Amino acid sequence: MDILNDEEIRAARSRLQARSAELRDRVQRVRRDLARVTNPLPKDSSDAAIVVENDEILEAIEDAATSELRSIEHALERIDAGTFALCENCGRQISAERLRAVPHATLCLEC
Ligand SMILES: [Zn+2]
């Protein structure tokens, strides 16, 4: 079976770390934006509605980034623990092809 060699795992780790830094940066920016636009709400109610809508978009971006960050952190822990390529559900090898495409995958294709 095609499994990731050490070099590929190292490459996956640096990809994950780079992505993690990017996401942290995004979350920080979104939080800054949220702090700015919610404070204070415009008096005009239609303007206020736009601000609220923007906030919802920003919050959705923040949520998505935060949950991706969690799965990246988890993948990095799995690399450190040496269980990076093992399916968390059935314990079989996750295919190298899948891990190359999605380095933070925790389940094999079947699961
Ligand atoms: Zn599985």
Side-chain angles (χ1 to χ4, degrees):
M1 179 161 180
D2 186 17
I3 58 167
L4 293 187
N5 61 37
D6 289 352
E7 197 181 319
E8 284 183 303
I9 291 177
R10 270 198 298 276
R13 183 204 292 269
S14 46
R15 264 177 72 193
L16 288 164
Q17 280 166 339
R19 180 78 182 140
S20 163
E22 192 183 308
L23 288 166
R24 268 177 229 281
D25 197 54
R26 178 178 308 169
V27 168
Q28 251 175 22
R29 267 202 314 269
V30 166
R31 287 192 182 145
R32 248 195 334 259
D33 284 355
L34 278 171
R36 191 176 60 232
V37 294
T38 46
N39 226 338
L41 276 179
K43 290 223 165 45
D44 183 305
S45 67
S46 64
D47 285 352
I50 291 169
V51 170
V52 169
E53 206 168 288
N54 281 341
D55 281 4
E56 282 167 3
I57 294 167
L58 288 173
E59 278 159 12
I61 293 171
E62 186 189 358
D63 283 354
T66 308
S67 82
E68 191 179 340
L69 260 177
R70 265 197 303 270
S71 62
I72 289 173
E73 292 302 320
H74 187 56
L76 289 169
E77 285 165 16
R78 281 159 53 81
I79 290 177
D80 289 339
T83 58
F84 177 56
L86 297 180
C87 173
E88 290 196 330
N89 188 49
C90 68
R92 280 185 300 209
Q93 287 279 345
I94 302 173
S95 75
E97 198 185 343
R98 177 161 163 73
L99 285 172
R100 282 182 198 115
V102 189
H104 57 275
T106 56
L107 297 175
C108 71
L109 263 187
E110 290 74 23
C111 295

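We count ligands from 1, going down the list as the structure has it; atoms in each ligand are counted the same way. Not measured: the values here are computed from a predicted model.
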Return the set of residues passing side chain to side chain contact (heavy atoms under 4.5 Å, CB included) with E53 (not counting sequence neighbours), or none when no residue passes.
->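 In terms of side chain to side chain contact (heavy atoms under 4.5 Å, CB included), with neighbours along the sequence ignored, E53 is linked to no residue.
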
With R70, which residues qualify under salt bridge (charged side-chain N to carboxylate O under 4.0 Å, His left out), at least two apart?
->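 R70 satisfies salt bridge (charged side-chain N to carboxylate O under 4.0 Å, His left out) with no residue once adjacent residues are dropped.
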
For residues R24 and S20, is any side-chain donor paired with an opposing acceptor at under 3.5 Å?
->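 Result is yes, a qualifying pair exists.
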
More than 12 heavy atoms from other groups under 6.0 Å of CD on E73 |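 It does: E73 CD has more than 12 such atoms within range.
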
Scan the side chains in residues 99-111 for donor-acceptor partners under 3.5 Å anywhere in the protein, sequence neighbours excluded, and list what turns up.
{"from": "R100", "atom 1": "NE", "to": "E8", "atom 2": "OE2", "distance (Å)": "2.6"}
{"from": "R100", "atom 1": "NH1", "to": "D2", "atom 2": "OD2", "distance (Å)": "3.4"}
{"from": "R100", "atom 1": "NH2", "to": "E8", "atom 2": "OE1", "distance (Å)": "3.3"}
{"from": "R100", "atom 1": "NH2", "to": "E8", "atom 2": "OE2", "distance (Å)": "3.0"}

Minimum heavy-atom separation for I72 to L16, with atom names?
->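 Heavy atoms of I72 and L16 come nearest at CG2-O, 3.4 Å.
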
Would you mind counting protein N, O or S atoms that sit less than 2.8 Å from the Zn ion (ligand 1)?
->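 Step by step: take the Zn ion (ligand 1), keep protein N, O, S below 2.8 Å, and you get 4.
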
